[in-house]
Amino acid sequence: MAATVSLRKGEPPGRNSSRLWRDIVRHKSIYLLASVSIIYFAIFKYVPIWNSQIAFRDFQALKGVTGSPWIGLKNFSDFVHSYYFGELIRNTVMYSVGKMIISIPSAIFLAVALYECRANFLRKTVQTLAYLPHFLSWVIMYGILMALLSPSSGLLNDIIKLFGGEPISFLTDTKSFPWIVLLSDAWKESGWSAIIFVAALMGIDPSLFEAAMVEGANAWQRVRYITLPSIKPVIVMVFLLRLGTILDAGFNQIFMLYSLPVYSVADIIDTWIYRQGLLEFRFGLATAVGLFKGVIGFVLLFVSNKLVRKFSDTGLY
Amino acid sequence: MASVIRLTKSDRMFNAFVVISLLIIFIILFVPIWSTITLSFRPNDFIGTALDGMVLPPWKWSLAAYKSLLGNNSFVKATANSFRIFFEGIATALILTTPLAYALSIKTLPGRKLLYVFIIIPYLFDVGLVPNYLLVTRLGLTNKLAAVYLPGAISVYNTLIMKSFFEGIPEELKESARIDGASEFKVLMRIILPLSKPIMLTIGLYYGVRFWNDFFNAMLYLNDSNLQPLPILLRNILLSSGMNEYVEASAFGEAPIEAIKAASVLLAAIPMLVAYPFIQKYFVKGTMLGSIKG
């Protein structure tokens with residue numbers, strides 16, 4: 001509202017406010033219409049922010065959010081000094097960076113392959129099949145993974161046995177677990193991540209390719225010198241946006257796949273928050289960790305969006 | 001394009017490379033799905049490896065796993081709960097998202113900037129699980145299906161996609177209606193919404209997919225086993241190793257437990273597979289709007 005007022009700085013203040021008032025009255029049905037959504041938003045998004053003050057309190061359920069005693073930064077220092085702090089940060093960053101390194105290049109590869117494919121049937125089939133897993137939940141994914149990885153009857157272990165090897169319990173082995181997480185994520189999400197690159201490829205000016213062909217460039221050179229450079233801004237944008245969510249390592253996936261034997265390599269910030277908060281009822285501690293993650297996430301998202309705007313004139317918001 | 005396209009040797013190699021790459025990608029994508037499908041049809045008297053199972057001819061397939069699931073009371077109940085969450089969730093989400101997106105799309109609305117900041121802050125600043133848990137339990141949503149969809153009934157991302165769509169509707173259409181004396185509410189109902197069917201369908205399905213797939217909210221807030229949706233039941237079935245009711249049910253159904261698990265996975269995925277072609281038609285547009293225009 002301030003912006004609307006200041007736009008008309010030159011006018012006398014009386015007329016100014018009356019025009020603003022007229023503008024508001026003219027849109028009254030819009031405000032009325034949106035009011036339910038705004039109230040919803042205030043309750044479901046802002047009350048949790050208010051509730052997060054228990055990060056600084058010794059939360060006791062009976063005393064409620066505002067009745068529990070203040071304890072300053074104790075919850076935060078408990079977390080930072082805990083044995084798990086390093087492990088959680090390491091695992092979280094390992095998974096989100098690992099997923100980025102695997103799934104963005106494979107999404108680019110898939111997008112370029114789809115774009116260059118002249119066989120319509122093959123292209124459409126792969127495209128449909130590649131986007132599909134994004135719509136399956138991690139519960140369903142777990143079921144599919146069991147059909148592949150189960151030590152007793154999984155496909156992969158049957159192949160291992162066929163070659164005379166010992167079956168591997170992939171999901172309870174600390175060596176294989178991280179790979180299962182990274183590769184199953186790539187299987188599920190690469191196709192979906194490729195959409196934005198496919199769309200960017202569609203926007204390339206065809207005359208560039210014609211010119212290159214006249215100049216005698218072969219297909220490999222066209223990909224190297226035209227296709228990839230043309231979508232470079234989008235690639236940079238996707239990388240930057242992913243950096244903004246680096247502390248989100250994929251709660252639903254890890255939560256479905258992990259178990260006690262692999263906690264040391266599987267536990268991420270979000271799974272730890274869940275166990276501390278809702279299983280051990282250490283609400284204050286869990287909230288402090290959530291807030292810690294939220295603040296860092298806020299800064300990262302903000303910075304990455306600023307960078308995206310700077311590099312490519314676009315942003316998420 | 002040149003009238004005569006002559007493919008050089010390196011161009012042909014390139015084309016072959018593309019086709020072979022896509023064939024390999026196809027196999028990587030297809031094998032896990034195919035092995036789940038064939039596993040679900042595996043008969044009780046099957047002997048052999050998973051590889052043998054994948055090439056078992058269809059006339060030897062058994063429907064026992066599906067029969068025992070569809071005849072199972074808790075499975076039917078969970079499916080009904082999931083459909084209720086799906087439809088109630090979509091309706092609630094669209095009713096809450098549309099007015100907000102519409103208000104944000106009106107450039108002349110006083111306070112529009114403020115409203116924008118109001119919805120962006122929680123989007124950027126996620127305070128995490130416990131503060132939300134305290135709110136939902138405090139609101140008395142425990143053991144209500146709404147606990148699954150109400151906390152996520154306005155997604156900022158979806159709101160912004162819808163806003164971009166509304167902004168794309170020509171201003172003249174709205175103006176002419178206003179000159180005819182239509183109120184802003186009428187403009188929305190008579191002009192905007194009829195033009196917005198595709199975006200409503202897309203956004204509705206985006207929400208629907210999320211609500212259908214949710215197991216975490218359901219796990220946190222629905223303790224009553226009569227209210228459990230499909231993902232929770234599915235999770236119980238998948239994690240069961242031999243001692244609970246699902247295994248007993250399978251004994252009656254004469255299907256191996258692996259087949260029951262695989263069949264339940266596929267049954268839970270079917271609605272998404274049905275909705276998928278509708279979403280696919282629009283989601284490229286939607287994704288582009290959300291990420292490029294903003």
Side-chain angles (χ1 to χ4, degrees), chain A residues 1 3-4 20 23-24 27 29-30 33-34 37 40-41 44-45 47-49 51-52 110 113 116-117 119 122 126 129-132 135-137 139-140 142-144 147-148 153-155 158 195-196 199 218-220 273-274 277 283 286-287 290-291 293-294 297-298 301-302 314-317, chain B residues 1 8 10-11 14 18-19 21-22 25-26 29 32 35-36 39 49-51 96 99-100 103 106 109-111 113-114 119-120 122 124-132 134-135 151 154 183-185 209 213 215 231 234-235 238 258 261-262 265 268-269 272 276 280 284 287-288 291-292 294:
Chain A
M1 257 174 269
T4 330
L20 174 64
D23 262 4
I24 293 174
H27 289 101
S29 50
I30 300 293
L33 212 57
S37 315
Y40 166 89
F41 218 83
F44 278 89
K45 309 285 165 171
V47 171
I49 293 179
N51 282 346
S52 67
L110 177 65
E116 294 289 345
C117 182
L122 180 65
V126 172
L129 207 56
Y131 297 165
L132 175 69
F135 296 95
L136 304 177
S137 68
V139 184
I140 288 172
Y142 178 72
I144 294 174
L148 287 182
S153 60
L155 179 65
D158 277 354
I195 291 180
I196 189 154
N218 66 34
W220 303 92
I273 290 175
Y274 166 72
F283 280 19
T287 306
L291 206 58
K293 180 179 170 254
F298 179 86
L301 256 183
F302 194 77
T314 55
L316 201 61
Y317 61 89
Chain B
M1 290 268 163
T8 63
S10 77
D11 285 345
F14 177 81
V18 166
V19 168
S21 304
L22 285 181
I25 293 170
F26 174 79
L29 289 165
S35 71
T36 312
L39 185 57
T49 65
L51 279 170
L96 286 171
L100 193 60
I106 300 173
L109 187 79
K113 268 227 163 90
L114 200 70
I119 72 159
I120 284 294
L124 292 177
F125 183 48
D126 171 22
V127 291
L129 174 63
V130 174
N132 283 294
L134 290 177
L135 170 75
I154 296 185
S183 67
E184 289 293 337
F185 182 70
V209 168
N213 282 338
F215 71 93
L234 182 57
R235 187 164 173 269
L238 290 174
E258 285 84 12
K261 289 182 178 182
V265 164
M272 290 308 97
Y276 172 64
Q280 197 195 10
V284 175
T287 331
M288 288 309 286
S291 50
I292 300 294

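Being a predicted model, the structure only gives us computed values, none of them experimental. Any value given below was found using the heavy atoms of this structure, including those in side chains, with hydrogens, waters and symmetry copies removed.
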Could you tell me which of [options] has the largest number of non-hydrogen atom pairs under 4.5 Å with chain B?
| options | result |
| --- | --- |
| A:Gly277, A:Ser52, A:Gly297 | A:Ser52 |
| A:Phe298, A:Tyr274, A:Tyr142, A:Phe44 | A:Phe44 |
| A:Ile273, A:Leu110, A:Leu291, A:Leu33 | A:Leu33 |
| A:Ile49, A:Leu129, A:Leu148 | A:Leu129 |
| A:Ala286, A:Ala130, A:Ala219 | A:Ala219 |
| A:Leu122, A:Ile140, A:Leu136 | A:Ile140 |

Measure from the side-chain N and O atoms of A:Ser37 to the backbone N and O of B:Leu96, and report whether any donor-acceptor pair falls under 3.5 Å.
->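 Yes.
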
Against chain A, label [X] side chain, backbone, both or neither, depending on which of its atoms sit under 4.5 Å from a heavy atom there.
| X | answer |
| --- | --- |
| B:Ile119 | both |
| B:Val209 | side chain |
| B:Phe125 | both |
| B:Ala269 | both |

Considering all heavy atoms, the nearest [X]-[Y] contact:
| X | Y | value |
| --- | --- | --- |
| B:Arg235 | A:Val139 | N-CG1, 3.8 Å |
| B:Leu109 | B:Ala103 | CD2-O, 3.5 Å |
| A:Leu20 | B:Pro110 | CD1-CB, 4.0 Å |

Go through the steps to decide whether B:Leu238 and B:Val265 satisfy the test side-chain contact (heavy atoms from CB on, under 4.5 Å), and finish with yes or no.
-> CA-CA 9 Å; B:Leu238 290 174; B:Val265 164; 4.0 Å; yes

Counting heavy-atom pairs under 4.5 Å to chain A, which of [options] comes out on top?
| options | result |
| --- | --- |
| B:Pro122, B:Ser35, B:Gly128 | B:Pro122 |
| B:Asn132, B:Leu39, B:Val19 | B:Asn132 |
| B:Thr49, B:Leu234, B:Leu22 | B:Leu22 |
| B:Ala268, B:Pro151, B:Pro231 | B:Pro151 |

Measure distances from [X] to the heavy atoms of chain B and classify the residue's part below 4.5 Å as side chain, backbone, both or neither.
| X | value |
| --- | --- |
| A:Phe283 | both |
| A:Val47 | side chain |
| A:Ile144 | both |

Calculate, to the nearest 0.5 Å, the distance between atoms CG and NZ belonging to B:Leu135 and A:Lys45 respectively.
->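 Answer rounded to 0.5 Å: 10.5 Å.
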
